[in-house]
K.L.:
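Before we start, here is the structure in question, set down as structure tokens.
Remember, predicted model here, so these are calculated numbers, not experimental data. What you see below is based on every heavy atom in this structure, not just the backbone, and it leaves out hydrogens, waters and symmetry mates.
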Amino acid sequence: MSIASINYSSSVLGAQIRNINQQLTDLSTQLSTGKLSQNYSGMGTNEGFAIASRAQLSNIAAYTDTITNVNVSINLANTALQSLSTIRNTVQTGAASTAQDLNVNGQTIAQNTAAAQFGSMVGVLNTQSGNRYLFSGTAFNSQSVANADAIINGTTTQAGFKTVMAERQAADLGANGMGRLVQTQPTASSVQVAEDVAGSPFGLKIAAVSSKLTGATVTGPSGSPVSFSVDLNGNNPNNGDKLSVQFRLPDGTTEQIDLTASSATPAPQGSFAIDPTTPNNTAANLNTALNTAIKKLANTSLVAASAMTAGDNFFNTASSAIGTAVNNQMATPAPVTGATLLSGTAPSDSIGTSFAAGNTITVNGTTLTFVNSGATGNQLNVTDSIQTLLGKIDSITGTSKPSTIHGGVITINTDDAASLNITSSNTAALGALGFSSSPITATQPPLRVGSSPASSATTLVNGSANTIKWYTGNDGPGSARSTAVARVDDAVTVQYGAQADEDAIRRQMQATAVFGTFSTSPTGQYSGGQVSALSQRVAQALTEQPGQQRIEDIQTDIAMAQNTMKDATTRQTQAKAQLQTIIDQAESASPDQVASEILALQNALQASYQTTAKLAQLSLVKFL
């Protein structure tokens, strides 16, 4: 009989020792790496939570990178905006200065400073973050604004602002330098002043006339074109009697001429001489004094207002549609006003062709319906006024500049010239409002004087084909802030876009360009008055007005985006700690527990070896 040898490796005891050795190896790995396992299968039942947590941590890391990049852009934008505020203060202080000494180029020191600051503004607005232009909206790969020299001086094929301003000044002054007014003496005892063309956007517009001239008759302002007349009727006014004429200028401001009858010799400035023996000579003196006063107003305040308006024509993306309305007062023709009704029988103060119940006017896709009475919402009463209609239109277009009516001329303003579209089911009534073609659309900026010579032009036209476009970024509809959007948390996005054509930036750009570009004759009769009037307007334009967007408003918007990101970062920091805890609990090995288990296994292994050794010494003799 033979006895097979004991195979240690296949024995139960040997398998147990190998298992203990493997456990020791695994525990040693855990002790050195701090991980329960080097593969997911060995992590245990909680590994699913760890995997999900790790995915969330990856998302947080991506959000952190986004927040870092957005913060860089916002900080650069804020620095640029702060520079714009500093520039505004510098130019405004210079414009408000009383020093009006002209250099050989016909400019003040403050104007030279403004010209330099305009170049600085262009540089600031072309700030980049990486390859992204911060003030271009969605067109972030495009330069935000054209180069300063091109904006002011133009190129070989496109006119710059200097040309636009010169054309506008010529159109506003007219060939006779009287602000497009025609002055005559219909009779020996009277004087008359009239606007040269009905509905023209250029020159001085007669707003009101007030007379305290004893024995005189004043007619108007009325008619088309608007005019007024003063007839002394062969009488002499009393010493100190006054005639006041108020004019509206292209920039919307008003100026008043006051002429006082005087018996002093010579007659003081701002007066006209009374001829005690020949009243018709007094009328001639009034005519001369009025001519002098109008010419001075035209060559000072009007020139300044023209420059400001040229800035608006060139820089402002808002535009307008203009029409000359027809009044139903057949017997006594007079220009329509805001109070003129939309329907009525002659000779009522209403438009020439009435709107009727059931008629509609559609503005940018929104329909206004006429009813006999009780209008609500998008309805108009047939007895409503033109001003009520304009208010309804403005509420639909959302214009920042209310539509107006003056001297029979209706101006519908819009901030988005491309979108303006007005039609009516009653085209005749729409025509009576002065809009003969349908649909009504806005002349798109930049606006240029419509014909040559400019001194006799009567229209403004779209000049985009031959005029520099100063803003070269995105100019589509919608909020500037929404042109740059970033997701900074699972359910949180921030908007931090900006555009150089935003109202606050555009107004500053416009005023600075006007002030820095305008020049006059260093020795001209009216030069000082021109610069003084312009300086006042520029200082006012750079003064923050209630309801207008400010540079600080833009800064506040992007600061809110930063605060949102700061809050998101705080939440994510807390979430990271919690998620890491979940991962650690699922995957990390406790050093103390591992050490304890190793010690226990070592003891078990030692006992197994001892037992094995004893078994290995057994023989058949010993066994028996």
Side-chain angles (χ1 to χ4, degrees), residues 173-200 202-248 255-299 302 324 327 329-337 347 406-409 455-456 458:
L173 272 177
N176 61 1
M178 291 283 289
R180 304 298 290 267
L181 297 179
V182 179
Q183 185 176 348
T184 57
Q185 271 194 283
T187 67
S189 64
S190 66
V191 298
Q192 177 175 294
V193 178
E195 297 173 13
D196 64 346
V197 178
S200 167
F202 304 118
L204 297 168
K205 304 300 178 185
I206 304 167
V209 180
S210 173
S211 171
K212 294 183 179 180
L213 301 178
T214 303
T217 301
V218 175
T219 303
S222 61
S224 182
V226 178
S227 67
F228 76 90
S229 64
V230 180
D231 195 337
L232 297 185
N233 296 313
N235 301 312
N236 264 332
N238 295 323
N239 188 52
D241 286 356
K242 184 181 292 185
L243 174 70
S244 299
V245 185
Q246 189 179 77
F247 296 95
R248 182 172 286 105
E255 297 275 353
Q256 184 166 297
I257 291 174
D258 295 316
L259 296 175
T260 304
S262 176
S263 57
T265 304
Q269 186 176 0
S271 66
F272 62 96
I274 300 172
D275 188 324
T277 60
T278 311
N280 285 350
N281 287 346
T282 303
N285 293 338
L286 171 61
N287 190 61
T288 300
L290 188 57
N291 181 279
T292 300
I294 290 174
K295 186 167 287 187
K296 180 179 179 182
L297 177 62
N299 284 276
L302 175 60
T324 304
N327 201 300
Q329 293 178 304
M330 304 298 185
T332 55
V336 298
T337 67
H406 168 67
V409 177
S455 58
S456 59
T458 59

K.L.:
Please set out all donor-acceptor pairs under 3.5 angstrom arising from side-chain atoms of residues 261-271, sequence neighbours excluded.
P.N.:
residue: S262; atom: OG; partner: A264; partner atom: N; Å: 3.1
residue: S263; atom: OG; partner: N239; partner atom: OD1; Å: 3.4
residue: S271; atom: OG; partner: P268; partner atom: O; Å: 2.4

K.L.:
For P237 and I274, work out which heavy atoms get closest and say how close.
P.N.:
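Closest approach of P237 to I274: O-CD1, 3.4 Å.
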K.L.:
How close do N236 and P279 get, heavy atom to heavy atom, and via which atoms?
P.N.:
OD1-CA, 3.5 Å
K.L.:
Just verifying a value: how many Å separate T292 OG1 and L259 CG, rounded to the nearest 0.5 Å?
P.N.:
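One finds 9.0 Å between OG1 of T292 and CG of L259.
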K.L.:
How far does CD of Q185 sit from OG1 of T187, to the nearest 0.5 angstrom?
P.N.:
7.5 Å
K.L.:
Run the side chain to side chain contact (heavy atoms under 4.5 Å, CB included) check on F228 and V245 step by step: do they pass?
P.N.:
CA-CA 10 Å; F228 76 90; V245 185; 3.8 Å; yes
K.L.:
Out of curiosity, L302 CG to K296 NZ, how far, rounded to the nearest 0.5 Å?
P.N.:
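Those atoms lie 14.5 Å apart.
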K.L.:
Report the residue from D231, T282, N280 that forms a side-chain hydrogen bond (donor to acceptor under 3.5 Å, both in side chains) with S189.
P.N.:
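For S189, the side-chain hydrogen bond (donor to acceptor under 3.5 Å, both in side chains) test succeeds with only one of D231, T282, N280, which is D231.
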K.L.:
Could you tell me whether the side chain of N285 and the main chain of A273 form a donor-acceptor pair under 3.5 Å?
P.N.:
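Between the backbone of A273 and the side chain of N285 there is a qualifying donor-acceptor contact (under 3.5 Å).
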K.L.:
Using 0.5 Å steps for rounding, measure from the OG1 atom of T184 to the CG atom of N287.
P.N.:
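Taking OG1 in T184 and CG in N287, the distance rounds to 8.0 Å.
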K.L.:
Show the nearest heavy-atom pair for residues G177 and N299, with the distance to one decimal.
P.N.:
O-ND2, 3.2 Å
K.L.:
Check the pair R180 / T458 against side chain to side chain contact (heavy atoms under 4.5 Å, CB included), numbers first and verdict last.
P.N.:
CA-CA 10 Å; R180 304 298 290 267; T458 59; 4.0 Å; yes
K.L.:
Which heavy-atom pair separates A188 from A283 by the least distance, and what is that distance?
P.N.:
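A188 and A283 have their closest heavy atoms at O-CB, 3.5 Å.
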K.L.:
Give the C-alpha distance, both sets of side-chain angles, the deciding distance and a yes or no for side chain to side chain contact (heavy atoms under 4.5 Å, CB included) between V226 and K205.
P.N.:
CA-CA 8 Å; V226 178; K205 304 300 178 185; over 6 Å; no
K.L.:
Which pair of heavy atoms, one from A198 and one from S224, lies closest together, and at what distance?
P.N.:
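So the two residues come closest at CB-OG, 3.2 Å.
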K.L.:
Could you go through T277 and D275, starting from their C-alpha distance and side-chain angles, then the distance that decides it, and tell me whether this counts as side chain to side chain donor-acceptor pair (under 3.5 Å)?
P.N.:
CA-CA 6 Å; T277 60; D275 188 324; 2.9 Å; yes
K.L.:
Under the side chain to side chain contact (heavy atoms under 4.5 Å, CB included) criterion, do T214 and N235 qualify, and how do the steps go?
P.N.:
CA-CA 8 Å; T214 303; N235 301 312; over 6 Å; no
K.L.:
Can you tell me how far apart CD (E195) and CD1 (I206) are? Round to the nearest 0.5 Å.
P.N.:
5.0 Å
K.L.:
Does the side chain of F272 reach to within under 4.5 Å of the side chain of T288, using non-hydrogen atoms?
P.N.:
no
K.L.:
Please examine the side chains of L290 and I294, heavy atoms only from C-beta on, and report whether any two atoms are closer than 4.5 Å.
P.N.:
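I294 reaches L290 side chain to side chain.
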K.L.:
Report yes if some heavy atom in the side chain of T217 is under 4.5 Å from a heavy atom in the side chain of N233; otherwise report no.
P.N.:
yes
K.L.:
L213 versus L232: any side-chain heavy-atom pair under 4.5 Å?
P.N.:
yes
K.L.:
L173 versus F202: any side-chain heavy-atom pair under 4.5 Å?
P.N.:
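They are not in contact (no side-chain heavy atoms under 4.5 Å apart), so the answer is no.
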K.L.:
OG/S210 to CG/L243 distance, rounded to the nearest 0.5 angstrom?
P.N.:
8.0 Å
K.L.:
For residues E255 and L297, report the shortest heavy-atom separation together with the two atoms involved.
P.N.:
CB-CD1, 3.6 Å
